[in-house]
2 protein chains.
Amino acid sequence: MNIYDIAKKAGVSIATVSRVLNNSARVSEATRQRVLEAVEEEDYKPNVFARGLMLNTMKTVGLMCQDASDPYMGAAINYLEAGLRGRDYEMLLCCTGPDPEDKQRRLSQLLARKVDAVILIGSSFVEKTEEENRYLYQAAQQVPILFLNGILNGENIYGCMSDDYKAVKHAVSYALGTGCRSPLFLYRADTMSAGRKKAGFISAIEDAGIPFSERMCCLSGRNAREAAECLKALRQNHGVFDLVMAADDELAVGAVKYALETGIRIPEDISIIGYNNSYLAQCCTPELTSVDNHLRDMCGSVVDMLMKIFEKEEIPHTTVIPGELIMRGTTGR
Amino acid sequence: MNIYDIAKKAGVSIATVSRVLNNSARVSEATRQRVLEAVEEEDYKPNVFARGLMLNTMKTVGLMCQDASDPYMGAAINYLEAGLRGRDYEMLLCCTGPDPEDKQRRLSQLLARKVDAVILIGSSFVEKTEEENRYLYQAAQQVPILFLNGILNGENIYGCMSDDYKAVKHAVSYALGTGCRSPLFLYRADTMSAGRKKAGFISAIEDAGIPFSERMCCLSGRNAREAAECLKALRQNHGVFDLVMAADDELAVGAVKYALETGIRIPEDISIIGYNNSYLAQCCTPELTSVDNHLRDMCGSVVDMLMKIFEKEEIPHTTVIPGELIMRGTTGR
């Protein structure tokens with residue numbers, strides 16, 4: 001049973017059926033009745049395509065993330081999906097991987113599907129140059145673009161950010177206050193979010209009278225195992241460090257592995273702080289002190305912003321959610 | 001620019017535009033030309049809804065999982081999305097949570113969206129009774145239902161399974177061969193997959209001449225922290241065990257925590273084996289010996305099966321992928 005059958009049964013054109021289902025005024029009451037009776041008799045559930053055609057929306061939001069197996073992104077997918085579902089929106093998910101060309105292709109595929117908006121998880125979708133970001137500005141001419149923990153300045157582009165700068169500054173200041181003197185910032189990629197964290201790290205150590213050097217920043221491999229190896233190499237080449245501020249929990253878990261494998265005591269000889277407060281924070285021994293960036297609140301805020309945009313409400317381009325340091329066994333010597 | 005504008009420009013009804021775009025024979029050549037010219041002049045990309053209405057498909061597959069933040073499910077989402085994208089299908093993702101009513105509601109929402117098929121990640125979607133599974137049988141009357149690592153016997157229902165029984169039997173036999181005598185099976189929920197793993201566990205210990213008792217099976221809490229606590233309580237009440245065969249890596253990580261926190265040496269005093277060989281296996285120290293169930297192959301197989309179903313090819317209802325034991329530091333005393 002589809003819209004053609006209804007039209008046939010009611011003896012009208014499918015355009016007329018469309019108008020009735022769309023509550024258009026340009027239909028006589030008699031015709032409306034005839035169509036609705038046909039719909040009822042046939043137990044017709046309005047075809048989703050017909051409804052899409054009429055309203056030019058399928059109530060679908062595109063979600064792009066780099067990697068759904070990342071614990072942070074996986075949790076964000078859960079929260080966003082629940083939030084959208086609660087508002088009657090379905091979610092088309094794209095796992096883009098890191099390649100910029102794949103990101104662009106996937107975004108244009110989403111637009112071709114007439115999604116009502118696109119949400120991007122993570123600041124990895126913010127590239128360095130305007131040229132590289134052009135596809136996002138172009139997409140924003142068609143639908144609202146919302147970043148979870150990222151932002152670009154542009155019309156119809158919005159973001160909810162975790163206050164990475166303040167959260168890292170606070171965490172590092174705390175650790176320096178317990179006596180750490182040789183801090184290290186361990187990160188995975190030069191994203192916008194990593195940049196804010198690094199700035200917070202630098203501010204904290206300079207406030208403590210420690211001069212910053214780029215040698216205090218270590219670009220790690222892509223997982224815990226590789227992070228541990230990076231730290232071992234660093235120790236051989238550059239000497240000891242007694243505080244690792246990691247840009248995410250998996251790297252911090254790598255720092256715990258490094259310490260356990262080289263016989264360095266945690267937290268007596270080294271303090272380790274993770275970021276995201278994901279379930280990984282409780283998977284290692286000792287468990288990680290970690291910054292909770294309140295991912296659930298961020299996701300809720302993104303969905304709220306989106307609904308207001310759909311309602312044509314004015315909203316600020318950026319919402320900022322503060323972080324919180326959760327104390328566990330890897331700090332407090 | 002939508003189908004209404006095309007109809008207006010060509011001076012025909014939208015039904016006629018639909019017929020033209022649908023290659024219907026019931027349109028005169030002159031009308032067809034007029035419509036196609038209007039489409040061309042307006043640079044009209046066939047509206048995805050119009051195409052859906054005409055072909056009754058949007059080339060979209062629904063994917064249901066309980067929890068995207070689970071490392072196993074997150075990885076499966078990545079692989080399935082890549083496989084579907086490679087065949088030009090988009091993916092509507094539902095994170096259902098564990099509640100059966102939510103699962104049913106989400107499935108019917110997917111069907112209302114006219115997805116071409118539904119893939120279910122994990123055997124947690126297979127319930128105990130026919131009554132509870134009825135909604136799946138009903139859905140299979142509309143679209144193919146494919147399980148990733150699960151199966152139900154029914155028309156239009158397919159599954160690709162990891163050979164959990166054999167893989168666990170092999171892993172436990174190996175550990176018993178290294179001298180373990182007090183084995184424990186640690187699991188999270190009574191799923192179909194956990195049942196197969198338990199059967200493999202029982203078969204291995206009985207082959208080794210150890211009589212099975214239900215006390216050798218421990219239903220754990222839901223994360224590593226809770227698994228560690230379960231094991232501590234178990235040790236107090238039921239005495240020592242020297243082998244933990246866990247149904248997934250997170251529980252095995254919990255067993256590592258338990259050993260580290262109670263001063264039990266790994267692998268000298270206790271052997272621990274995980275399942276899935278996820279990145280968690282390399283997040284703890286020592287790193288986990290774990291069964292790799294070749295998730296990538298399973299996901300590839302599910303997508304292949306689906307494409308064959310769409311092509312009306314005959315395929316077996318179940319495909320089985322063997323597992324492989326990956327040796328690391330938690331076994332081999």
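We name chains A, B, ... by the order of the sequence lines, and we start the count at 1 in each one.
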Undergrad: If you count heavy-atom pairs within less than 4.5 Å of chain A, which of Asp67(B), Asn223(B), Leu260(B), Val253(B) leads?
TA: Asp67(B)

Undergrad: Count the heavy atoms belonging to other residues, nucleotides or ligands that lie under 6.0 Å from CZ of Arg296(A), then report whether that count exceeds 12.
TA: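 Atom CZ in Arg296(A) is not crowded, with 12 or fewer foreign heavy atoms closer than 6.0 Å.
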
Undergrad: Given heavy-atom pairs under 4.5 angstrom as the criterion, report whether the side chain, backbone, both or neither of Gln282(A) touches chain B.
TA: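 The answer is both parts of Gln282(A).
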
Undergrad: Look up atom SG in Cys95(B) and atom CD1 in Ile77(A), then write down how far apart they are to the nearest 0.5 Å.
TA: 7.0 Å

Undergrad: With side chains defined as the heavy atoms from C-beta onward, is the minimum distance between Tyr279(A) and Glu250(B) less than 4.5 Å?
TA: yes

Undergrad: Examine whether an atom of Asn78(B) lies under 4.5 Å from a heavy atom of chain A, and if so say whether it belongs to the side chain, the backbone or both; otherwise answer neither.
TA: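 Both backbone and side chain.
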
Undergrad: Nearest 0.5 Å please: distance from the OG atom of Ser69(B) over to the OH atom of Tyr79(A).
TA: 7.5 Å

Undergrad: Report which part of Leu92(A) has an atom under 4.5 Å of a heavy atom belonging to chain B: side chain, backbone, both, or neither.
TA: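 Its backbone and side chain both get close to chain B.
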
Undergrad: Give, as side chain, backbone, both or neither, the part of Glu90(B) having an atom under 4.5 angstrom from any heavy atom of chain A.
TA: both

Undergrad: Among Ala15(B), Ser278(B), Ala224(B), which has the most heavy-atom pairs under 4.5 Å with chain A?
TA: Ala15(B)

Undergrad: Check the surroundings of atom CD in Glu101(B): do more than 12 heavy atoms from other residues, nucleotides or ligands lie under 6.0 Å from it?
TA: no

Undergrad: So for Cys94(B), is it side chain, backbone, both, or neither that comes closer than 4.5 Å to the heavy atoms of chain A?
TA: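 For Cys94(B), heavy atoms of backbone and side chain both lie under 4.5 Å from chain A.
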
Undergrad: I want to check something: taking the side chain as every heavy atom from C-beta on, are Glu81(B) and Arg106(A) in contact at a cut-off of under 4.5 Å?
TA: yes

Undergrad: Work out which heavy atom in Lys59(B) is nearest to a heavy atom in Arg113(A); give both atom names and the distance.
TA: O-NH2, 2.8 Å

Undergrad: Counting heavy atoms not belonging to Lys232(B), are there more than 12 under 6.0 Å from its NZ?
TA: yes

Undergrad: Identify which part of Leu63(B) has an atom lying under 4.5 Å from any heavy atom of chain A, answering side chain, backbone, both or neither.
TA: neither

Undergrad: Ignoring hydrogens and angles, tell me if any N or O in the side chain of Lys257(A) forms a donor-acceptor pair with the backbone of Thr285(B) under 3.5 Å.
TA: no

Undergrad: Nearest 0.5 Å, what's the CE-OG1 distance between Met58(A) and Thr60(B)?
TA: 7.0 Å

Undergrad: Please classify the contact between Leu280(A) and chain B as side chain, backbone, both or neither, with a heavy-atom cut-off of under 4.5 Å.
TA: side chain

Undergrad: Look at Ala68(A), Ala75(A), Ala76(A) and state which one has the largest set of heavy-atom pairs under 4.5 Å with chain B.
TA: Ala68(A)

